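All values reported here derive from a predicted model rather than from experimental measurement. Below, read A as the first sequence line, B as the second, and so on, with proteins coming before strands; counting in each chain starts at 1.
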Amino acid sequence: MPELPEVEVIRRGLERHVIDAEIVDAEVFTSRSVRRHLAGAADFVARVRGRTLVAARRRGKFLWLVLDDDAALLTHLGMSGQVLVQPAGAPDEPHLRIRFRLADGRELRFVDQRTFGSMAISLGGDVIPPELAHIAPDPFEAAYDEDVVVEDLRRRRTNVKRALLDQSLVSGIGNIYADEALWEARLHYARPTETLRRSEAHRVLAATRMVMAAAMSAGGTSFDALYVGVDGQSGYFARELQAYDRVGEPCSRCGSPIRRDRFMNRSSFICPSCQPRPRRPHW
DNA sequence: GCTTGCGCCTGAATGC
DNA sequence: TGCATTCAGGCGCAAG
């Protein structure tokens, strides 16, 4: 599942492989994959044809390739999106949604099994695209100010995991790294945000940075073929996960078996000893 | 204005 | 065996 570290690995791959490449043509096979491009698939193709890719940028889980006319190819991978750079003649993937033919014969491909991802042309240029105005800076941006996020977090009337997943508070965190950061910070997912001490809020935010930085250097987290880099290689951070997808395995801090709870209609993996459920009204 | 819940989607895994 | 159901979860939007 692509979260910030996986998207960053892909961004770096694109920076290495397709910057300065020219798009000579494109084909959209699934119109849903360009649903965020309101002018439609034909307009999408017309706007990339003949353009050269000049930069690869990212905020949170959003990725964009800046074009030489100052528009940008804005991409979100959703649950299963992949951006691949393939040599000429490589067979089409089963879920190939968009193909970009590059001048040197290679192809940039958007492959997406579940079609939660999408591409669009943003006219925003080489800054933050206007479509991303509601997305907060991620923990690796210069614009990120942890003190501001801590205060915002403590003003919320919700629980800490929902807040971490809210891209308008801090971006880039999905279910996997939320669980990992909460495990690291020894906080229960249902902890009310208004009861967080400043030190606890800083602790969990620092943990998101630490965990995602480690995941980036491992090439991201791959559970299956649904997440790969631009060259099709899997990341190997899954073996370093402490809580996520480790039901029944001993917590590396205390030995208690990791448990899986249903929370917010999704899985939450916790150590029941290190991350005890908060008791109301005080703890 | 802020918080919460649902629908979108496909394929693997599970249930009967 | 085969068909039906459940599950995975990021995002945008509607409802509360």
Side-chain angles (χ1 to χ4, degrees), chain A residues 1-8 10 28-38 58-64 74-83 92-98 110-120 122 128-136 138 149 151-182 189-196 208 212 215 220-228 234 238 241 243-248 259-270:
Chain A
M1 278 140 266
E3 301 181 28
L4 186 153
E6 292 73 34
V7 178
E8 175 61 17
I10 290 166
V28 175
F29 302 107
T30 305
S31 60
R32 178 174 155 79
S33 296
V34 292
R35 66 190 177 283
R36 292 198 214 204
H37 188 76
L38 301 180
R58 181 190 57 73
R59 163 169 279 191
K61 304 171 199 172
F62 283 86
L63 175 71
W64 64 98
L74 182 61
T75 303
H76 195 286
L77 301 174
M79 287 293 299
S80 55
Q82 305 177 347
V83 179
D92 287 358
E93 293 76 10
H95 302 289
L96 176 61
R97 308 297 182 186
I98 306 173
F110 183 63
V111 175
D112 188 12
Q113 178 196 96
R114 294 178 206 171
T115 68
F116 279 28
S118 67
M119 284 185 158
S122 169
I128 303 289
E131 293 85 349
L132 272 51
H134 65 296
I135 303 294
D138 67 57
V149 178
E151 295 313 313
D152 194 0
L153 180 61
R154 295 173 74 241
R155 271 195 301 273
R156 301 274 173 126
R157 293 294 176 267
T158 186
N159 57 74
V160 65
K161 182 165 177 181
R162 180 179 277 277
L164 290 178
L165 294 173
D166 184 343
Q167 306 297 300
S168 70
L169 176 74
V170 51
S171 67
I173 304 168
N175 202 42
I176 296 173
Y177 298 110
D179 278 5
E180 291 298 300
L182 289 167
Y189 51 79
R191 176 69 178 274
T193 43
E194 70 265 31
T195 69
L196 285 172
T208 66
M212 292 197 291
T221 300
S222 300
F223 292 112
D224 49 34
L226 287 187
Y227 163 70
V228 294
S234 291
L241 294 173
Y244 191 87
D245 206 31
R246 292 198 55 214
V247 172
R259 191 179 77 204
R260 172 177 152 171
D261 290 357
R262 293 296 296 175
F263 179 68
M264 286 172 60
N265 265 330
R266 64 196 59 199
S267 294
S268 284
F269 297 88
I270 63 162

A/Glu180 side, atom CD; A/Thr208 side, atom OG1 - distance, nearest 0.5 Å: 12.0 Å
I need the CG-P distance between A/Asn265 and C/dC11, as an integer number of Å. 17 Å
Does a side-chain N or O of A/Arg36 approach OP1 or OP2 of C/dG12 to a distance below 4.0 Å, or not? yes
Under a 4.0 Å heavy-atom criterion, DNA chain B is touched by chain A from B/dT3 to B/dG11
Just to confirm, is there a sub-4.0 Å distance from OP1 or OP2 of C/dG9 to any side-chain nitrogen or oxygen of A/Tyr177? no
Measure from CD1 on A/Ile135 to C1' on C/dC13 and round the result to the nearest Å. 14 Å
Taking the side chain from A/Asn159 and the backbone from A/Ala190, do they hold a donor-acceptor pair closer than 3.5 Å? no
With distance as the sole criterion, is a donor-acceptor pair present between the side chains of A/Arg114 and A/Ser80 under 3.5 Å? no
Whole angstroms only, please: what is the CD1-P distance between A/Ile173 and C/dG9? 16 Å
I want to check one thing: is the phosphate of C/dC11, taken as OP1 and OP2, less than 4.0 Å away from some side-chain N or O of A/His76? yes
In sequence, state the C-alpha distance, the side-chain angles, and the governing distance for A/His95 and A/Asp112, and then conclude on side chain to side chain contact (heavy atoms under 4.5 Å, CB included). CA-CA 6 Å; A/His95 302 289; A/Asp112 188 12; 5.8 Å; no
Closest-nucleotide ordering on DNA chain B, the 5'-leading residue of A/Arg32 and A/Arg156: A/Arg156
Find the distance A/Phe116:CZ to C/dG9:P and express it as a whole number of Å. 11 Å
Could you tell me the separation between the CG atom of A/Asp138 and the P atom of C/dG10, rounded to a whole number of Å? 16 Å
To 10°, what angle do the rotation axes through the five end pairs on each side of the helix from B/dC2-C/dG16 to B/dC16-C/dG2 form? 60°
Any salt bridge between A/Asp152 and A/Arg156, counting N to O under 4.0 Å? yes
Whether A/Asp179 and A/Lys161 form a salt bridge (side-chain N of Lys/Arg under 4.0 Å from carboxylate O of Asp/Glu) is what I want to check. yes
Report yes if the side chains of A/Trp64 and A/Ser122 come closer than 4.5 Å at any heavy-atom pair, otherwise no. no
Round to a whole Å and report the spacing from CD of A/Gln167 to P of C/dG9. 15 Å
When rounded to the nearest 0.5 Å, the distance separating NE2 of A/His76 from CZ of A/Phe116 is 11.5 Å
For the CE atom of A/Met212 and the CD1 atom of A/Ile176, what is their distance to the nearest 0.5 Å? 12.0 Å
NA contact type, A/Phe263, heavy-atom cut-off 4.0 Å: base, sugar-phosphate, or nothing? nothing
Measure CZ/A/Arg114 against C1'/C/dT6 and give the value in whole Å, please. 13 Å
Taking 4.0 Å as the cut-off, does a side-chain nitrogen or oxygen of A/His134 come that near to OP1 or OP2 on C/dG12? yes
So if I apply the side-chain hydrogen bond (donor to acceptor under 3.5 Å, both in side chains) rule between A/Thr115 and each of A/Arg35, A/Arg97, A/Arg32, which one comes out positive? A/Arg32
Between A/Arg266 and C/dG10, does any side-chain N or O lie under 4.0 Å from OP1 or OP2? yes
Quickly work out the A/Lys61 NZ to C/dG12 C1' distance and round it to whole Å. 13 Å
